Amino acid sequence: MAALAHVVPLTSVDGVYTYRVPDEMAAEAVPGARVLVPFGRRQITGVVAERVDGGTDGLKPLHDVLDARPALPPDLLALTRWVAEYYLCAWGEAVKAALPSGTEVESRRVARALAPPDAWDEKRGRAILRALHERNGTGLPVAALAEVLNRKTVPQNLLRRMEAAGVLEVEHEVQDASVTAKTARHLRLGDGAEDAEVRGAKQRALLDWLAEAGEVVLQAEALAATGASSSTVKSLETHGLVEAFDAEVERRADGMDVEAVPPAAPLDLHPAQTAALEAIVGAIQTARAETFLLHGVTGSGKTEVYLRALREALDRGKSAIVLVPEIALTPQTVRRFRAHFGDRVAVLHSRMSPGERLDAWTRIRDGVYPIVIGPRSAVFAPVGDLGLVVVDEEHEASYKQFDPAPRYHARDVAVMRAYRAGAVCVLGSATPSMETVANANAEKYTRLEMPERVPVRGPDGTTRQPAPLPPVRVIDLTRERQIRRLKGALSHDLREAITARLAKGEQTILLQNRRGYAPVLTCDDCGWTPACRDCAVSLTVHKASHNLRCHYCGRAERIPRPCPSCGSPALALLGSGTQRVEEEIEEVFPEARVLRMDLDTTSRKGAHRKILDRFGRGDADVLLGTQMVAKGLDFPRVTLVGVVEADTGMLLPDFRAAERTFQLLAQVAGRAGRHDLPGEVLLQTRNPEHPALQFALRHDFHGFALGELGERMALGYPPYGRLVGVEVKGPHEGSTFALADRWGAALRTEAGRVAGVEVLGPVPAFVGRVKRWWRVHLLVKAPRSLPASVLASLVRTAEGRVKTPSGHRVNLDVDPVGLY
DNA sequence: TGCCAGTTCTTG
DNA sequence: AAGAACTGGCAA
Ligand SMILES: [Zn+2]
Ligand SMILES: [Zn+2]
């Protein structure tokens, strides 16, 4: 019997592999520790899943242990396993999602020349030697040699002969992690430095400064402050007056390194807030694993409830995770948390460099930061002793990951993580998802309602009463057109409403959820329309960059002058994107200052922020943009919100289309008339009777949810059914459909064994080709009563019976979000 | 016969 | 995913 370790390799290869644990690694190769293991003919990173005793027959030894402290605490390791099983991916893929990226260690085959190029008397061999000589210090990865010879495969045979002849060597070389901890020189006063006599002024200054600063300081900082140099340090060091040493430093993301402002004196909580807080605190105090739906309208003070619940968790020595959609993770948001919890808060966000992310992650694991705020991936933050998980805006689709696997929903992982940790989970939203509402209805979650807006404190410290929810008016575009009042995208009434705001110096937000100038260009004479070469979509006309662009692959083309199909000059622009609406506003209201906010104006770093700041300062009268305008801040001078085309997205082939439309309309409507200025919302539509719109105009979430849940139940869709999406991709139409057909047959065979399971498709994806990949979808549908694990193993069995030809891909997507 | 592209198989 | 072995077409 010997010490063995079951190891999860960090690749998409599924399975756990067993290794012998050499004695010197026995203490560190514990569950959760990352290890370097031989895997096939290379070395890769894995994570120890379990230690066991057993025979070593045919087992390879661990090569190395990469962590002095396990990277993953046991609860997280177990969580990744649940994620892999639930979301149908390899365990290693789930573990990767929980670890900071770039820290993997792997081996590569690297070749080096041992002789000059003319030592080989054949053309290909000389070309290889020449290429190797160019990079003989580092060597060249063997995989790169195919390209050197302009071939698709590496000439293994030739390499072996050359190696045997001694003109080159090929070795498996372990590549260090691309991201590592950073160290820097630190200084500390030595013993007896206080009353030491030194001659140099610089030396004196440095010692005084160190005495003043106390304890340990960065050498760079001390030198900059005193004008001393590293030789000053050296000579002081030789006399034992200072100690210099290397220590780890934390790289911090500038954008989020906001100063902690002292929290404003707490406002008295509104009764609904008090009730919600008491319920949450009660659960934290008794360490009850309870999940709450905190349903609070915009402005009802959800964040204040989060802050106080976090305080409670922290006071009990627990840690907490706050998930926030990436777009809402602004300095303002961070400042609010920092104001209360100072540097006990770590912020994770997508703009961090890999080094910053690693440093934050390490410190979270070591307990330096008991509160973690971040987007989707922060659900895996390695905090210990979890007491509370908050998921703000829990309905946000951005919590669902698509690529790469695991295709997890952070809200659902959060609920599961909290449950397993015996922690409290709070799901907050003004427009909760149907899934969460159904769970609350079924009393799996405790429902907390905050139906009223609460008073807010102005910058001057005074409190102001909130505005009531604004009245919403629907404008029927079909009718407007019939009575010939419609010229352009903005109706007569919307134009009048904008005019009135301009006259009063108030602001307007306009939502047009479509970027570009015109979604379609078409020939009036022959009907020709430009389509993307690589995707099955028409190209959008962009006026700012003056070209045609594909919104799926980014491809740009010139706008054709006469129709390339028939030569007619009559090319018409159909529909309006944000650019065209902007142009219309500038024409109709030449005096208005307009800010356009969409993917095209916010792609540069910080541009998003800048636009919102300018609008907030009153530098513009109109903020026009795509859905991102719905998620901005609270702008007190906005009294009009106009939705140019409420129909965008409403009619997409997605069973959640109505839900998403309602959420967007409710969210944007909530932007009008906060504080003491009453607001107004105008919705332009060609479907005035659509329930999403009808309920949004009455601010009636419960009415909408009731109807929508009824539909879902009738159709067996989530939250009353389970779905697994199967996305089949391939380079040719025929082969992709053929593969999808085989999947359909395999799934139907398996579905036939379980009552209630249905297979839909294969059907071409909504966009049937993207970036040259044909895409075909299948959907497996089962009643909620069927355990997820049964459905999962059904799909896994089918998967085992269909082999994927090379060049094709099949992605399994449990609880898919978006178009299927 | 050897090269090459494409495919299949294995990883402890 | 990556490396290696295998297969079959084809040029010399
Ligand atoms: Zn034409
Ligand atoms: Zn395209």
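Just so it is clear: chains get the letters A, B, ... in the order the sequence lines come, proteins before strands, and each one is counted from 1. Keep in mind the model is a prediction, meaning the values are calculated, not measured.
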Q: Determine whether A/D64 and A/V174 make a side-chain contact, defined as any pair of heavy atoms from C-beta on separated by less than 4.5 Å.
A: no

Q: Return the value, rounded to whole Å, for the distance between atom CD1 of A/I44 and atom P of C/dA1.
A: 12 Å

Between N or O atoms, less than 3.5 Å apart, protein on one side and nucleotides 4-9 of chain C on the other: list the pairs.
| residue | atom | partner | partner atom | Å |
| --- | --- | --- | --- | --- |
| C/dA4 | OP2 | A/R109 | NE | 3.4 |
| C/dA4 | OP2 | A/R109 | NH2 | 3.4 |

Q. From A/I373 CD1 over to A/L323 CG, what is the distance, rounded to the nearest 0.5 angstrom?
A. 10.5 Å

Side-chain polar contacts of residues 156-165 of chain A - donor-acceptor pairs under 3.5 angstrom, sequence neighbours left out - could you list them?
| residue | atom | partner | partner atom | Å |
| --- | --- | --- | --- | --- |
| A/Q156 | OE1 | A/R109 | NH2 | 3.0 |
| A/E163 | OE2 | A/V170 | N | 3.4 |

Q: Grab the CG-P distance between A/L10 and C/dA1 for me, whole Å please.
A: 14 Å

Q) What does A/V16 touch in the nucleic acid at a heavy-atom separation under 4.0 angstrom: a base, only the sugar-phosphate, or nothing? A) base

Q.
Taking ring-ring contact (aromatic ring centres under 6.0 Å, His included) as the definition, give me every residue that meets it alongside A/F655, ordered by chain and number, with sequence neighbours left out.
A. A/Y717

(Q) Output the rounded distance in Å from CG (A/N811) to C1' (C/dA1). (A) 15 Å

Q: Measure the distance from CG on A/L36 to P on B/dT11 and round it to the nearest whole Å.
A: 19 Å

Q: For A/Q401 and A/P404, indicate whether the former's side chain and the latter's backbone hold a donor-acceptor pair under 3.5 Å.
A: yes

Q: Identify whether any heavy atom of A/P38 sits under 4.0 Å from a base atom; if not, whether one sits that close to sugar-phosphate; answer base, sugar-phosphate or nothing.
A: sugar-phosphate

Taking distance alone, no hydrogens or angles, what donor-acceptor pairs closer than 3.5 Å link side-chain atoms of residues 12-26 of chain A to residues at least two apart or in another chain?
| residue | atom | partner | partner atom | Å |
| --- | --- | --- | --- | --- |
| A/T18 | OG1 | A/H6 | ND1 | 2.9 |
| A/Y19 | OH | A/P38 | O | 2.7 |

Q | Nearest-Å distance for atom pair CD/P, residues A/E173 and C/dG3 | A | 13 Å

Q. Measuring from A/E727:CD to A/W773:CH2, what's the distance to the nearest 0.5 Å?
A. 10.0 Å

Q) In whole Å, what is the span from the CG atom of A/L159 to the C1' atom of B/dG2? A) 15 Å

Enumerate the protein-to-nucleotides 4-6 of chain B contacts in which both atoms are nitrogen or oxygen and the separation is below 3.5 Å.
| residue | atom | partner | partner atom | Å |
| --- | --- | --- | --- | --- |
| B/dC4 | OP1 | A/R151 | NH1 | 2.2 |
| B/dC4 | OP2 | A/R124 | NH1 | 2.7 |
| B/dA5 | OP2 | A/K152 | N | 2.9 |
| B/dA5 | OP2 | A/T153 | N | 3.4 |
| B/dA5 | OP2 | A/T153 | OG1 | 3.4 |

**Q.** Separation of atom CG in A/D14 from atom C1' in B/dT10, rounded to whole Å
**A.** 15 Å

(Q) Quiz question: by atom type and distance under 3.5 Å, do the side chains of A/E750 and A/T797 form a donor-acceptor pair? (A) no

Q | Interatomic distance, A/R42 CZ vs B/dG12 P [rounded to whole Å] | A | 10 Å

Q: For A/Y86, enumerate each residue passing the ring-ring contact (aromatic ring centres under 6.0 Å, His included) test, keeping only those at least two apart in sequence or located in another chain.
A: A/W82

Q) If you find the nucleotide of DNA chain B closest to A/T804 and the one closest to A/E122, which residue's nucleotide is nearer the 5' end? A) A/E122

Q: For A/F39, report the nucleic acid contact type (base, sugar-phosphate, nothing); a contact means any heavy atom under 4.0 Å.
A: base

